[in-house]
Amino acid sequence: MKCFRPHGVNGDTMELTVSASENINGTLILPLFEGSENVPEKCQNGMSSSMKNQINRVLSSGDFKAKKKSTMTLYGGEDGKAILVGLGKSDDCTIHDYRNAGATVTAAIKKSHGNEMTVRFDGAGISHMAAFAEGMMLRDYSYDEYKKNEDEEETEVSIRINCSEKEEEELVGQVNILKGICKGVHLSRDLGNCPPNDMYPEVFADMARDWAKDFDNVDVTIINYDEAIKAGMGGLVAVGKGSSRKPCMVIFEMNKDVKGKCPVLVGKGITFDTGGISLKPGANMDEMKYDMGGSATVFGTMEALAQTGYDGKVVGITCMAENMPAANATRPGDVIKGLSGKTIEILNTDAEGRLVLSDGLWKAAEYNPEYIIDFATLTGACVVALGHEATGLWSNNDEFRTRIHEAGNAVGELAWPMPLLPAFEKEMTDSKIADTRNLGAGRWGGANTAAAFLKQFVPNYDYDKDGEQIMWAHMDIAGTFWGAKSNLMVKNGATGVHVRTIYHLIANS
Ligand code: BES
Ligand code: ZN
Ligand code: ZN
């Protein structure tokens with residue numbers, strides 16, 4: 001098992017600190033607005049006149065226009081180097097532009113820039129400076145576990161963020177929290193990027209158990225295959241039984257002794273999705289190693305909360321299985337019954353995510369949820385609808401859906417509202433021989449019918465038959481968990497999307 005890097009050692013090479021010192025250590029990183037004609041007054045402290053002249057020359061000549069996402073390196077001989085980075089026009093420059101600029105700098109850093117750098121801002125607010133640091137850290141990731149030459153030492157780069165003495169304490173606080181959150185994002189990416197021969201349900205479970213040993217306030221419970229059968233988790237079992245890597249459910253409980261209701265996060269964790277007997281075509285099937293992205297989001301969010309010392313109660317439930325064709329695999333036509341007691345006619349074994357989630361969602365009500373959010377690389381149809389630019393977002397509560405949408409906007413992770421319509425529910429409960437069917441009647445609206453299916457398995461509060469359904473949202477990350485070329489925070493592979501959204505939703509509201 002090679003794929004796991006314990007937290008703190010993730011694929012990053014940067015050590016970021018905040019300092020009110022006036023010196024420029026190593027290479028200067030200088031974020032600039034469009035239209036700057038010379039080095040801003042505030043940034044000139046400790047700068048040699050030759051460096052200043054050189055920067056002034058490229059600015060006044062228009063050689064560097066400071067457009068968004070642009071960088072330029074200046075080589076100042078003995079006076080060191082500088083990386084200029086564009087923020088765009090000052091009047092429409094948002095916190096997202098600062099985060100993007102930070103990520104752009106990380107992408108531009110080369111060995112020749114040395115291993116010490118200092119960032120100087122021209123009067124940016126504290127949260128803007130923090131966002132720049134966040135972008136730098138998020139982009140500082142590569143998955144090279146299977147490439148690494150053990151003898152080759154990785155060079156550590158130390159980055160110093162300059163600020164005033166007045167700002168120092170608050171900026172240190174914000175950056176420390178962001179460091180913890182980035183660890184969660186990087187963990188989610190590690191889990192997603194790990195090849196499927198090394199990442200299967202039992203490995204995920206072992207990792208969760210090992211990880212929890214480092215935190216007094218987290219408990220991990222594993223429901224193994226035999227226990228899942230005994231418990232009646234028919235959905236999880238139906239999907240995972242055809243694989244020699246048997247399925248399991250992994251439950252994370254943080255601060256479980258805290259009284260009252262809590263968020264419950266549920267993740268689809270298909271460590272490889274061949275489609276099962278309804279076998280997928282061969283092209284790009286390798287990408288189905290990312291089909292555990294929902295479970296990675298849950299685990300990564302737990303890491304972010306744990307690293308930042310969150311003291312509220314939160315529960316995560318991950319439904320882990322490998323979907324394989326086999327002599328003993330589930331067939332199209334089979335009818336199964338899961339935890340909810342409702343029967344499901346399986347018409348396509350490739351619509352497996354909803355089956356494992358049906359048990360995860362039903363289980364969630366045992367943990368006294370304030371709300372449930374599930375994460376899943378659920379449908380190709382969602383990618384057709386939204387491309388790689390936004391996650392599909394459904395909810396049985398309009399206000400809650402808006403809250404999640406806004407939490408995503410706040411951190412630059414788009415989650416787009418999608419409709420949960422009665423007609424779709426009717427379609428998914430219209431089986432001739434069972435309570436529900438796992439496939440829509442036609443091929444249209446496939447992301448919506450999938451969401452409508454899931455809703456059938458969201459319990460009422462306290463499982464009260466006559467009660468109210470638990471507030472719930474579903475996030476289809478099929479297009480956003482990997483493959484988003486426009487996502488500046490990541491070079492390639494898994495994105496770790498929505499760890500930051502959900503951290504923000506839980507910790508800041
Ligand atoms: N894991 C896939 C969804 C998926 C496909 C995610 C492509 C990302 C990229 C899911 O299990 C699946 O196969 N869904 C089917 C559902 C269909 C059979 C109703 C799909 O989307 O085709
Ligand atoms: Zn599938
Ligand atoms: Zn799948």
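Along the sequence shown, residues are numbered consecutively beginning with 1. Ligands are counted one by one from 1 in listed order, and the atoms in each one are counted from 1 as well. Note that this is a predicted model, so its numbers are computed, not measured.
Using a 4.0 Å cut-off between a side-chain N of Lys or Arg and a carboxylate O of Asp or Glu, Arg99 and Glu134 qualify as a salt bridge. Between Lys246 and Glu202, none of the side-chain N atoms (NZ, or NE/NH1/NH2) sits under 4.0 Å from a carboxylate O, so this pair counts as no salt bridge. For the pair Lys280 and Asp350, the salt-bridge criterion is met [side-chain N within less than 4.0 Å of a carboxylate O]. Ion pairing of Glu227 with Lys230 is absent here, as no side-chain N (NZ or NE/NH1/NH2) approaches a carboxylate O to less than 4.0 Å. Salt bridge Lys268/Asp291: present, at least one basic N to carboxylate O contact under 4.0 Å.
Atoms of ligand 1 found under 4.0 Å from any heavy atom of Asp291, numbered from 1 in the order shown, are 1 (N). In summary, the atoms of ligand 1 found under 4.0 Å from a heavy atom of Glu352, numbered by their order in the structure, are 11 (O). Remark: ligand 1 atoms within the under-4.0 Å shell around heavy atoms of Thr377 are 1 (N), 2 (C), 3 (C), 6 (C). The distance from ligand 1 to the heavy atoms of Ala478 drops below 4.0 Å at these ligand atoms: 6 (C), 8 (C).
When distances from atom 22 (O) of ligand 1 to the protein are checked, no heavy atom turns up under 4.0 Å.
Residue contact annotation: Trp482 has a non-hydrogen atom under 4.0 Å from ligand 1. Using a 4.0 angstrom heavy-atom cutoff, Arg443 does not count as in contact with ligand 1. Using a 4.0 Å cutoff on heavy atoms, Glu287 does not count as a contact of ligand 1. Taking 4.0 Å as the cut-off, Lys268 counts as a neighbour of ligand 1 on heavy-atom distance.
In terms of protein heavy atoms, atom 10 (C) of ligand 1 is closest to Leu378 O, 3.2 Å. Atom 19 (C) of ligand 1 has Leu439 CD1, 3.3 Å as its closest protein atom, hydrogens excluded (heavy atom only). Looking from atom 2 (C) of ligand 1 to the surrounding protein, the closest heavy atom is Asp273 OD2, 3.6 Å.
Lys313 and Asn255 are not linked by any side-chain donor-acceptor pair at a separation below 3.5 angstrom, with hydrogens and angles left out of the test. With no hydrogens or angles considered, a side-chain donor-acceptor pair links Tyr146 and Asp198 at under 3.5 Å. Checking Ser127 against Gln174 by side-chain atom types alone, no donor-acceptor pair falls below 3.5 Å. Judged by distance alone, the side chains of Asn193 and Tyr141 do bring a donor and an acceptor atom under 3.5 Å apart.
Considering CD1 of Ile502 and CD1 of Ile373, their distance stands at 4.0 Å, rounded to 0.5 Å. Put simply, CG on Leu265 and OG on Ser295 are 12.0 Å apart, with the number rounded to the nearest 0.5 Å.
With Asp476 contributing its side chain and Thr379 its backbone, the two residues share a donor-acceptor pair below 3.5 Å.
Here atom 15 (C) of ligand 1 lies nearest to Asp350 when heavy atoms of Ile270, Val383, Asp350, Asn438 are compared.
Within the protein, the N, O or S atoms lying under 2.8 Å from the Zn ion (ligand 3) are Lys268 NZ, Asp273 OD2, Asp291 OD2, Glu352 OE2.
With a heavy-atom cut-off of 4.0 Å, Asn348 touches ligand 1 through its side chain alone.
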